[in-house]
Amino acid sequence: MPPMIPTVLVTEAYRQIEMTSSEYMTSAPQSRIITGGSYHYIHWEHPELIVKAMNALLLIFHR
């Protein structure tokens, strides 16, 4: 990913450190990692986290 494109990654809490070096994480100041859930299908376990991630992206690009 180009470093100037903000990204929001949603992952389990135990993978947060791993995600900081993910190829999808960029150095844009608005990039963030949202953690939650205990298995791969976070969108089933915590759909509110997905909504939070999507809203974060929309706010970034709306500015």
Side-chain angles (χ1 to χ4, degrees):
M1 292 289 261
M4 67 284 213
I5 296 177
T7 58
V8 177
L9 305 179
V10 180
T11 188
E12 301 96 339
Y14 75 90
R15 296 186 71 193
Q16 183 172 4
I17 293 172
E18 174 188 349
M19 289 296 115
T20 60
S21 60
S22 166
E23 66 270 18
Y24 300 110
M25 189 65 180
T26 65
S27 58
Q30 304 94 337
S31 292
R32 63 184 52 116
I33 299 171
I34 297 174
T35 61
S38 58
Y39 66 104
H40 182 73
Y41 298 103
I42 297 171
H43 60 288
W44 287 346
E45 190 177 14
H46 295 286
E48 72 280 359
L49 288 177
I50 304 307
V51 171
K52 182 179 176 182
M54 292 176 70
N55 284 335
L57 279 174
L58 290 172
L59 287 173
I60 289 168
F61 290 108
H62 185 265
R63 294 179 183 163

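This is a predicted model, so every value here is computed, not measured.
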A.B. asks: What's the shortest heavy-atom distance between Q16 and I33, and which atoms?
C.D. replies: O-CD1, 3.8 Å
A.B. asks: If you compare all heavy atoms of V8 against all heavy atoms of A56, which two are closest, and at what distance to 0.1 Å?
C.D. replies: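 Heavy atoms only, the tightest pair is CG2-CB, 4.2 Å.
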A.B. asks: First locate atom NZ of K52, then atom NE2 of H46, and finally report the distance between them rounded to the nearest 0.5 Å.
C.D. replies: 12.0 Å
A.B. asks: Would you find a donor on one side and an acceptor on the other, under 3.5 Å apart, between the side chain of T26 and the backbone of I5?
C.D. replies: yes
A.B. asks: Quick check: do V10 and I50 have side-chain heavy atoms less than 4.5 Å from each other?
C.D. replies: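 Yes, close enough: below the 4.5 Å cut-off.
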A.B. asks: Could you give the distance from CE (M4) to CD (Q30), rounded to the nearest 0.5 Å?
C.D. replies: 12.5 Å
A.B. asks: Okay, side chain of T11, backbone of T35: is any donor-acceptor separation there less than 3.5 Å?
C.D. replies: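 Checked: no pair found.
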A.B. asks: Would you compute the distance between atom CE of M54 and atom CG of L49 and round it to the nearest 0.5 angstrom?
C.D. replies: 13.0 Å
A.B. asks: Which heavy-atom pair separates L9 from Y24 by the least distance, and what is that distance?
C.D. replies: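 In this case the closest contact between L9 and Y24 is CD2-CB, 3.7 Å.
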A.B. asks: Which heavy atom in P3 sits nearest to a heavy atom in S27, and how many Å separate them?
C.D. replies: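 The answer is CB-OG, 3.3 Å.
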A.B. asks: Shortest non-hydrogen contact from M25 to M19?
C.D. replies: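 Closest pair (atom of M25, atom of M19, distance): CB-O, 3.5 Å.
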A.B. asks: Classify the ring geometry between W44 and Y41 as parallel (under 30°), tilted (30 to 60°) or perpendicular (over 60°).
C.D. replies: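 Plane angle under 30°, so parallel.
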